[in-house]
Every structure is written in structure tokens, then in C-alpha cells.
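Residues: numbered from 1 along the sequence shown. Quick caveat, the model's predicted, so the values are computed rather than measured.
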Amino acid sequence: MNYELFIARRYLFAKKSHHAINIISGISVLGVAVATMAMVVTLSVFNGFQDLVADLFTAFDAELRVTPADGQTVSIKDAALLELKKSDAVEVYTPVLEGQALVVQNGRQQVVTIKGVADNFTKQTRIEEILYGDGSFCLHADILEYGVLGIQLAQQLGLSAFFEDPLQIYAPKPGERVNIGNPLSSFNHDELQSPGVVFMVRQAKYDANYILTSLGFAQRLFDRQGRVSSVELKLKDGLKADKVKAQLKAQLGERFKVEDRYEQQNDVFRVMRIEKLISYFFLSFILLVACFNIIGSLSMLMIDKRQDIQTLRSLGANDSQICTIFRLEGHIISLAGALLGLVLGTVLCWIQQEYGIVTMGDSEGSFIIETYPVSVYLTDILLVLVTVLAVGWLAIWYPVKYLAGKILN
């Protein structure tokens with residue numbers, strides 16, 4: 001241990017001639033600790049909401065989705081897709097065709113997204129866990145085609161989970177202009193029966209706009225026989241999506257895009273990341289203000305230790321080494337506050353996870369969850385620690401040099 005660090009440590013823990021210096025030093029540590037704790041808790045709450053939203057989308061979105069880079073559809077027999085289907089990493093391979101259509105029911109009209117999927121869609125996602133109604137998930141049977149609506153869409157059309165009259169579905173014929181004399185001749189028309197269930201992802205993007213049906217129905221409705229707009233993949237257990245995604249990108253080349261769940265909902269998660277980043281910067285500014293308390297503590301300590309400083313000078317210490325002593329003490333204060341804040345923040349997050357002390361509100365059933373979700377990430381802990389030390393260093397470096405010149409000379 002070099003002597004600057006040894007003296008700085010002794011100055012921090014030793015009794016001062018003025019008791020107020022010890023109090024101010026304690027307040028400095030506590031201020032940094034509170035700011036650090038706030039950063040840990042706030043970032044963990046944002047992580048909790050992000051994980052919650054990701055979990056909601058997991059019931060509907062595939063682990064990986066492959067879409068054509070150019071154009072809206074691709075042949076289901078494309079050589080690259082057939083090769084992909086044989087991949088050792090893929091457990092479930094589901095071709096999908098999506099498109100916009102008009103639904104007419106009971107005098108009401110609604111533009112919706114028709115998502116036609118293969119029969120193994122239940123193996124691809126957890127769709128059966130978010131179904132409501134007395135029926136069961138069914139896409140087709142004999143000559144009948146079924147449509148599973150999002151719960152908000154059903155409400156907008158005035159429907160319950162089961163409806164007797166089939167949905168009337170209209171989609172414009174590709175490449176045709178609307179016939180003014182007979183507009184309906186410019187549209188493909190088909191019907192969807194009710195399987196007696198609706199789905200609820202708890203996200204308006206799906207619940208208010210989507211109808212799930214068979215791939216064959218969508219291909220006929222949109223005149224896209226033998227073509228798909230995407231392929232959804234479920235990976236085998238134990239495989240990491242990021243690693244497989246990189247391999248598939250290299251395998252498929254530039255003709256296809258490979259997206260994980262976060263990229264499929266990029267708009268939602270980008271907003272959450274921006275909010276988290278803005279909160280981080282605001283809390284960093286608050287931390288900087290808290291670190292100014294350290295400057296007051298150091299300035300009083302310099303005045304209190306003038307005789308010790310003269311002794312050190314007599315022993316050969318120069319001004320730079322003396323400044324280093326007080327800078328190290330400032331760093332020790334910020335480090336102590338950081339470690340204390342990290343511990344307190346982590347403990348508070350654990351208490352919230354286990355006991356849900358902070359609730360979302362008094363109205364029962366108004367929110368998806370009753371308490372604020374929290375998820376502590378190791379990367380955020382390291383980020384907060386580095387931030388506290390960096391902000392502490394920036395707040396201390398020049399003021400110590402300036403104060404040393406004013407007080408010690």
C-alpha cells in the first residue's frame with residue numbers, strides 16, 4: 001500500500017478535531033449511497049417492465065422469424081427455406097402469411113391483419129395459454145375455416161368468444177383497380193367460422209387487430225398460393241437465440257432477415273430503452289450533485305489537517321502528492337457510498353420481488369400485474385458502479401486541486 005492511500009484511509013476513519021467533519025463525511029457517503037440505490041432500483045424497474053412485456057409477446061411471437069429482405073412474400077419451396085427446415089437447431093418450423101383485410105360483421109367494418117399459420121402453430125408459441133372461451137384452438141376442419149380473434153377486436157365487432165354468423169372477409173385482388181360499377185368484384189371474399197375462443201396477448205397491437213387462421217385460407221384470400229410472408233422458428237432446448245440467429249444470417253445471406261423477439265417488437269422495446277437511458281442520465285446528474293458534498297468534506301478536512309500537511313512537506317512530500325491524498329479520500333468516500341448503495345438497492349429489489357410492497361394502484365384488476373416488477377441485471381450493477389466512480393472522480397479532481405492551492409498555501 002502506497003503512503004498516499006494509507007494516509008487517506010487513516011484520515012477518513014480517524015477522529016477529527018472537529019466532530020462536524022466526521023458528520024459531513026458520513027453525510028457524503030450517505031448521499032452517494034442514496035443516489036446509487038435510486039439508480040439500481042430505477043433501472044431494475046425498467047428491466048422488470050421490459051421482461052414483463054417480453055413475456056407477454058412470448059405467447060404470440062416466435063423465438064426467431066425469417067422474412068424476405070426484398071418483397072413481401074417468398075415461395076414456400078425456396079431452397080434456402082427448405083434447407084432451413086432441415087437445420088439441427090430448429091425444433092418447429094412454421095410458415096406464415098400475413099396481410100391486411102376488411103372484416104364485415106353485423107353492420108360493422110374493421111380493417112384487420114389476417115395471420116395464416118400452419119397447423120403446428122400451437123407447438124411454435126404458447127397461444128393455448130392465452131385463449132378465453134368454451135371452445136378450442138382450431139384453424140380448419142373439413143371444408144370449414146376458423147378464425148381466432150383478438151379479444152379487443154371481438155369487442156369492437158360486437159362479438160363474444162363464440163359467434164354463430166361467420167365473419168365476412170374481403171381482401172383486394174392483387175394488381176387490380178377498383179371497379180366503380182361493381183366494387184366487390186375487385187375483392188376476394190371468404191368466410192371464417194368461430195372456434196369458440198378468442199386470444200388475449202394484453203397488447204393492443206395484437207388484441208385489437210389480429211385474426212389467426214389457417215395458412216391455406218390466407219393464401220387463397222390474398223391470391224398467394226404457395227407463398228409465405230415469413231417463417232417462424234422454435235429452437236431446440238438449450239440453444240441460445242443470439243447464437244443461432246448469427247448462424248442463420250450467415251447461412252441465408254442477404255436475401256432474408258432473421259429477427260429475434262426483441263427485434264420483432266423493435267418499436268416497443270426501443271421506446272423502453274430510450275426511457276431507461278433518459279432516466280439513467282437524470283439520475284447520473286443527481287449523483288453528481290450528491291458528490292458535491294464530498295468537496296465540502298474534503299475542504300474542511302484540508303483545513304483541519306494543515307499541520308499534518310506541513311509535516312508531510314518537511315518529510316519531502318510535494319503538492320501533487322498531498323493533492324493525491326485528498327483525491328484518494330474522495331474516491332474512498334464515493335466507493336463506500338457506491339458499495340453501500342448497491343447493497344441497499346439490491347436488497348430493496350429483492351424485497352419487492354418477494355413481497356411486492358409497492359403496488360401499481362388501489363384499483364384491483366385495472367393493471368396486468370398488481371405490483372411493480374423488478375429485474376436486477378448484473379450489467380446494470382456494473383454500469384452503476386462505474387458511473388458512480390467516474391462521476392465521483394470528475395466531481396473531485398479539479399476542486400481538490402483548486403482548494404489545495406487556496407487552503408494549503
Under the side-chain hydrogen bond (donor to acceptor under 3.5 Å, both in side chains) rule, what do Q124 and T94 come out as? Steps first, then yes or no, please. CA-CA 7 Å; Q124 179 69 241; T94 305; 3.0 Å; yes

Full working for salt bridge (Lys or Arg N to Asp or Glu O under 4.0 Å) between D55 and R202: CA-CA 11 Å; D55 185 63; R202 299 182 183 270; over 6 Å; no

Test V228 against V74 for side chain to side chain contact (heavy atoms under 4.5 Å, CB included), laying out the working first. CA-CA 6 Å; V228 295; V74 64; 3.9 Å; yes

Residues I274, I278; criterion side chain to side chain contact (heavy atoms under 4.5 Å, CB included); working and verdict: CA-CA 6 Å; I274 292 173; I278 292 174; 3.9 Å; yes

Do N47 and V376 pass the side chain to side chain contact (heavy atoms under 4.5 Å, CB included) test, and can you show the C-alpha distance, the side-chain angles, and the key distance before you say yes or no? CA-CA 7 Å; N47 294 336; V376 180; over 6 Å; no

So L283 and T42, side chain to side chain contact (heavy atoms under 4.5 Å, CB included) or not? Walk me through it. CA-CA 9 Å; L283 291 170; T42 302; 3.6 Å; yes

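For the pair L102 and F187, the minimum side-chain heavy-atom distance is 4.5 Å or more. Within the 4.5 Å cutoff, the side chain of F217 has heavy atoms near those of the I169 side chain. Under the 4.5 Å side-chain criterion, counting only non-hydrogen atoms from C-beta, I127 is not in contact with V148. With a 4.5 Å cut-off on side-chain heavy atoms, S284 and M39 count as touching. By the 4.5 Å heavy-atom criterion applied to side chains, D119 and L215 are not counted as neighbours. No side-chain heavy atom of V271 sits less than 4.5 Å from a side-chain heavy atom of D267. Side chains of F256 and V231 form no contact here, defined as non-hydrogen atoms less than 4.5 Å apart. Within the 4.5 Å cutoff, the side chain of V112 has heavy atoms near those of the I114 side chain.
Heavy atoms from other residues, nucleotides or ligands lying under 6.0 Å from CD of Q225 number more than 12. Annotation: F285, atom CZ; neighbour count of heavy atoms from other residues, nucleotides and ligands within 6.0 Å does not exceed 12. Within a 6.0 Å radius of OH in Y132, more than 12 heavy atoms belonging to other residues, nucleotides or ligands are found. Surrounding CD of E254 are at most 12 heavy atoms belonging to other residues, nucleotides or ligands under 6.0 Å away. For E275, the CD atom counts as densely surrounded, since its 6.0 Å shell holds more than 12 non-hydrogen atoms of other residues, nucleotides or ligands. Counting non-hydrogen atoms of other residues, nucleotides and ligands closer than 6.0 Å to NZ of K236 gives a total above 12.
Rounded to the nearest 0.5 Å, atoms CG (L97) and OG (S230) are 8.0 Å apart. Note that CD of E191 is 9.0 Å distant from CG of L167, once rounded to the nearest 0.5 Å. Note that CG of N120 is 10.5 Å distant from NZ of K234, once rounded to the nearest 0.5 Å. Taken from CG in L149 to CD1 in I211, the straight-line distance is 4.0 Å, to the nearest 0.5 Å. With rounding to the nearest 0.5 Å, the separation of OH in Y262 from CG in D242 is 10.0 Å. Atom CG of residue L84 and atom OH of residue Y93 lie 6.0 Å apart, to the nearest 0.5 angstrom.
Of all the heavy atoms in Q193 and P195, the pair that sits closest is O-CD, 3.6 Å. The shortest heavy-atom contact between V268 and V53 is CG1-CG1, 4.0 Å. Contact detail for V374 and Q353: the closest heavy-atom pair is O-NE2, 3.0 Å. The shortest heavy-atom contact between L153 and Q110 is CD1-CG, 3.5 Å. Heavy-atom minimum distance, D51 versus Y377: OD1-OH, 2.6 Å. Residues F163 and L192 come closest through the heavy atom pair CE1-O, 4.0 Å.
Taking the six-membered ring where the residue is Trp, F121 and F60 present perpendicular rings, their angle passing 60° and hence far from 30°.
A salt bridge between K115 and E232 is present, with a side-chain N of the basic residue lying under 4.0 Å from a carboxylate O of the acidic one. A salt bridge links R220 and E145; the closest N-O separation between the charged side-chain nitrogens and carboxylate oxygens is under 4.0 Å. Salt bridge annotation for D61-R126: absent, with no cationic side-chain nitrogen under 4.0 angstrom from a carboxylate oxygen. The pair D260-R65 does not meet the salt-bridge criterion, since no charged nitrogen lies less than 4.0 angstrom from a carboxylate oxygen.
Checked against K245 for a salt bridge (Lys or Arg N to Asp or Glu O under 4.0 Å), the options E63, E263, E259 give a single hit: E263. Each of E98, K205, Q203 was evaluated against Y210; a single residue qualifies, E98, per the side-chain hydrogen bond (donor to acceptor under 3.5 Å, both in side chains) test.
At distances below 3.5 Å, not a single donor-acceptor pair connects side-chain atoms of D223 with backbone N or O atoms of K173. In this structure a side-chain-to-backbone donor-acceptor pair under 3.5 Å is missing from D142 to L144. Although no hydrogens or angles enter the test, the distance criterion places a donor-acceptor pair under 3.5 Å between the side chain of D207 and the main chain of V201. Checking side-chain atoms of R227 against main-chain N and O of T73 turns up a donor-acceptor pair under 3.5 Å. Under a 3.5 Å cut-off, the side chain of Q352 and the backbone N or O of Y372 do form a donor-acceptor pair. Formation of a donor-acceptor pair under 3.5 Å by the T213 side chain with backbone atoms of Y146 is found in this model. With hydrogens and angles ignored, the 3.5 Å screen pairs no side-chain donor or acceptor of T36 with any backbone N or O of L340.
Judged purely by distance below 3.5 Å, without hydrogens or angles, the side chains of Y280 and T387 pair a donor atom with an acceptor atom. Between Q105 and Q168, the side chains place no donor N or O within less than 3.5 Å of an acceptor N or O (distance only, hydrogens not considered).
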